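Structure first, commentary second.
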Amino acid sequence: MNVQEMIFLFIGGLGIFLFGIKYMGDGLQKSAGDKLRDILDRFTTNPLMGVIAGIIVTILIQSSSGTTVLTIGLVSAGFMTLRQAIGVIMGANIGTTVTAFIIGFDIGAYSLPIIAIGTLLIFFFKNKRINYLGQTIFGFGALFYGLELMGDGMKPLRSLESFHELTASMSDIPLLGVAIGTIFTVIVQSSSATIGILQQMYADGTVELAAALPVLFGDNIGTTITALLAAIGASVAAKRAAAVHVIFNLLGAIVFLILLIPFTFAVEWIRDTLMLEPKMTIAFAHGMFNVTNVIIQLPFIALLAVIVTKIVPGKDSVIDYKPQHLDPIFIQQSPSVAVAQAKEEAIHMGQIALQGLEETRQFLNNNQSKHAEVAYQLESAINNLDKKITNYLVQASSSISEADSEAHSSVVDIVRDIERIGDHFENIVELIEYRITNKVNMTDQAYEDMNTMFDLTLETVSQAIDAFENMDEEKAKAVMKKEDEIDSMERKFRKKHILRLNEGLCSGSAGIVFVDIISNLERIGDHALNIAQEVVGKKEE
């Protein structure tokens with residue numbers, strides 16, 4: 001086999017392997033339903049539950065890096081505390097070992113029939129669930145097929161003297177193996193891929209166990225690069241979560257390097273006792289490394305949080321997206337208090353909507369995707385609160401007095417208006433993403449007009465929430481006046497846009513994006529008006 005064929009087999013196999021993992025993870029996630037947020041929300045009440053949540057989510061998406069990036073996004077938006085995130089990150093490290101165990105079942109000879117079955121389920125069935133199952137099976141087969149190709153590409157390495165010298169050096173100098181594992185994982189950005197390659201090499205007899213284990217430790221260090229990249233430009237809390245990921249894996253590698261000789265004996269003993277195949281031996285070593293690392297460091301989560309707080313100083317403003325006021329005890333004991341609690345939660349929901357609007361405006365002006373991600377997460381939080389508040393009010397309605405029924409219906413209506421505000425800023429984010437993806441250029445005047453309207457809309461929504469909180473009739477009437485200004489501003493900016501089109505200053509695509517953005521802002525103003533009218537109406541009554 002010539003060098004070109006070796007390289008092509010290896011990089012082609014790696015590409016198919018990575019695609020297989022991604023496609024399988026997507027299929028699993030869709031099959032299970034998009035419940036990742038719910039899992040992380042429900043099971044992160046304490047560090048141990050956070051570990052379990054991290055394991056479950058990582059198994060679903062087949063990527064510890066993906067779980068860590070998702071966690072960093074949740075921390076960045078204030079949906080998760082740092083301590084909760086540490087537990088999830090630890091769990092992600094255990095969850096990722098499942099991929100190595102899957103690879104350990106050496107069924108590469110059946111990879112093509114598995115791919116054929118997956119293709120059959122994707123193309124010949126209209127049921128979505130069957131399609132998702134097909135996607136999972138196809139990815140599963142592609143994973144093994146990619147491994148087989150990589151193995152074929154690496155087999156000639158066994159006859160190279162220089163490669164034998166390198167692996168001998170890795171056995172004698174474990175730090176060299178750690179460095180190789182780290183660098184390769186940083187390049188590929190998938191520890192599952194590098195561990196899969198390691199399993200294949202060990203199965204082919206290309207590397208000895210003593211050389212393979214330090215590479216395994218390096219793979220775990222290298223996988224932290226994805227978290228570090230995700231934290232660039234993110235909030236202080238997100239940077240701390242990324243720092244925890246690095247420290248956790250780095251400390252684990254150091255501990256196991258110190259204990260390399262007894263760890264190697266332990267892996268060999270398990271291999272011989274259970275009569276494990278070579279690939280499964282590496283899978284067990286990977287599992288032992290991560291599980292033991294979590295057991296060692298789990299009691300020190302609070303200390304880890306303190307360390308990263310010192311390393312990444314600064315304050316982080318966080319709005320908690322979970323319900324803060326919906327105590328079920330009031331539903332039966334005091335329905336009037338329950339309505340008041342629901343009102344407080346609606347105000348909290350309004351504050352999140354304001355934050356979402358601000359993130360959307362930031363995204364409009366600097367095109368940084370972190371603002372889009374936070375805006376989407378905030379919109380999801382608004383939807384979550386909408387369901388929780390509405391369910392709470394439905395339960396309270398059965399025993400509510402006539403005097404409280406007006407306040408009850410008012411909160412229901414206002415919650416719906418705030419939820420619609422979230423929908424509209426989500427629409428704007430999608431429009432901005434369309435502009436970026438399609439490289440639609442807009443004039444400076446268009447940006448100035450959108451920012452002017454954004455300022456007025458933000459001020460109007462803020463004042464509407466404030467008026468609702470204090471039942472302030474004067475502020476509510478001021479909101480009504482501002483909403484008239486928003487309407488007239490939208491008409492004025494539309495006319496200016498038509499003039500720009502006629503003069504050839506902007507394209508049709510830019511015009512569509514501009515008009516849709518200001519239309520969404522105008523609709524947000526309408527929902528602020530609805531809130532103000534509720535306040536004025538209740539005052540008059």
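All values derive from a computational prediction rather than experimental measurement.
- Residues His408 and Val394 share a closest heavy-atom pair of NE2-N, 4.5 Å.
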After noting the C-alpha distance and the side-chain angles of Asn365 and Asn451, does the key distance pass the side chain to side chain donor-acceptor pair (under 3.5 Å) rule?
-> CA-CA 9 Å; Asn365 290 313; Asn451 274 297; 2.9 Å; yes

Taking it one step at a time, do Met349 and Ile414 satisfy side chain to side chain contact (heavy atoms under 4.5 Å, CB included)?
-> CA-CA 10 Å; Met349 185 177 168; Ile414 286 170; over 6 Å; no

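- Thr185 and Thr194 are linked by a side-chain donor-acceptor pair at a separation below 3.5 angstrom, with hydrogens and angles left out of the test.
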Stepwise side chain to side chain contact (heavy atoms under 4.5 Å, CB included) test for Phe425 and Glu359 = CA-CA 9 Å; Phe425 74 65; Glu359 290 291 340; over 6 Å; no

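- Formation of a donor-acceptor pair under 3.5 Å by the Thr136 side chain with backbone atoms of Tyr132 is found in this model.
- The backbone N or O of Ser380 lies less than 3.5 Å from no partner atom in the side chain of Asn384, so there is not a single donor-acceptor pair.
- The line from CZ of Phe138 to CG of Leu133 is 14.0 Å long, rounded to the nearest 0.5 Å.
- Remark: Arg420 engages Asp423 in a salt bridge, criterion side-chain N to carboxylate O under 4.0 Å.
- Side chains of Asp516 and Asn427: a donor-acceptor N/O pair is absent below 3.5 angstrom, by distance only.
- Side-chain contact between Ile421 and Leu357 is present, with heavy atoms from C-beta onward closer than 4.5 Å.
- The distance from atom CZ of Arg416 to atom CD1 of Ile389, rounded to the nearest 0.5 Å, is 11.0 Å.
- Under 4.0 Å is where a charged nitrogen must lie from a carboxylate oxygen, and between Glu473 and Lys477 at least one such pair does.
- Dense packing is recorded around OH of Tyr447, with more than 12 heavy atoms of other residues, nucleotides or ligands lying under 6.0 Å away.
- For Asn131 and Gln135, the side-chain atoms include no donor-acceptor pair closer than 3.5 Å.
- No side-chain donor-acceptor contact under 3.5 Å links His348 and Gln351.
- Heavy-atom contacts from other residues, nucleotides or ligands closer than 6.0 Å to CG of Asp444 number 12 or fewer.
- Rounding to the nearest 0.5 Å places CG of Leu458 at 11.5 Å from CD of Gln355.
- No side-chain heavy atom of Tyr23 sits less than 4.5 Å from a side-chain heavy atom of Phe140.
- More than 12 non-hydrogen atoms from other residues, nucleotides or ligands lie less than 6.0 angstrom from CZ of Arg494.
- The shortest distance between side-chain heavy atoms of Lys492 and Met453 does not fall below 4.5 Å.
- The two atoms that bring Thr460 and Ala528 nearest to each other are CG2-CB, 3.9 Å, heavy atoms only.
- Interatomic distance, Ile86 CD1 to Leu304 CG, rounded to the nearest 0.5 Å: 5.5 Å.
- No hydrogens or angles considered: a donor-acceptor pair under 3.5 Å links the side chains of Asn383 and Glu379.
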In sequence, state the C-alpha distance, the side-chain angles, and the governing distance for Ile518 and Met489, and then conclude on side chain to side chain contact (heavy atoms under 4.5 Å, CB included).
-> CA-CA 9 Å; Ile518 64 170; Met489 192 178 281; over 6 Å; no

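- To the nearest 0.5 Å, atoms CD (Glu534) and CZ (Phe468) are separated by 8.5 Å.
- Between the side chains of Asn470 and Asp466, a donor-acceptor pair is found at a separation under 3.5 Å.
- Proximity of Asp449 to Phe514: side-chain heavy atoms (C-beta onward) are separated by under 4.5 Å at one or more points.
- The shortest heavy-atom contact between Leu364 and Arg435 is O-NH2, 3.8 Å.
- Proximity of a side-chain donor or acceptor of Asn366 to a complementary backbone N or O of Gln368 within less than 3.5 Å is detected.
- Between the Thr223 side chain and the Asn220 main chain, no donor and acceptor come within less than 3.5 Å of each other.
- Rounding to the nearest 0.5 Å gives a distance of 4.5 Å between CD of Glu469 and CD1 of Ile347.
- Between Lys482 and Glu459 there is a salt bridge, with a side-chain nitrogen of the basic residue lying less than 4.0 Å from a carboxylate oxygen of the acidic one.
- Using a distance-only test at 3.5 Å, with no hydrogens or angles considered, a donor-acceptor pair links the side chain of Thr58 to the main chain of Gly54.
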Please test Phe363 against Ile436 for side chain to side chain contact (heavy atoms under 4.5 Å, CB included), starting from the C-alpha separation and ending with a verdict.
-> CA-CA 11 Å; Phe363 185 42; Ile436 294 167; 3.7 Å; yes

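- Here the closest heavy-atom approach between residue Ala476 and residue Val536 is recorded as CB-CG2, 3.5 Å.
- Looking at heavy atoms from C-beta onward, Leu354 lies in side-chain contact with Val461 at the 4.5 angstrom threshold.
- The pair Glu358-Arg361 meets the salt-bridge criterion, since a charged nitrogen lies less than 4.0 angstrom from a carboxylate oxygen.
- Residues Glu483 and Gly525 share a closest heavy-atom pair of CG-O, 3.2 Å.
- The two residues Leu521 and Met450 have their closest heavy-atom pair at CD1-O, 4.2 Å.
- A donor atom on one side chain and an acceptor atom on the other are found under 3.5 Å apart for Asn249 and Asn93.
- In this structure the side chain of Phe454 reaches within 4.5 angstrom of the side chain of Ile428, judged on heavy atoms.
- Between Ile418 and Ile531 the shortest side-chain heavy-atom distance falls below 4.5 Å.
- The closest side-chain heavy-atom distance from Asp487 to Asp526 is below 4.5 Å.
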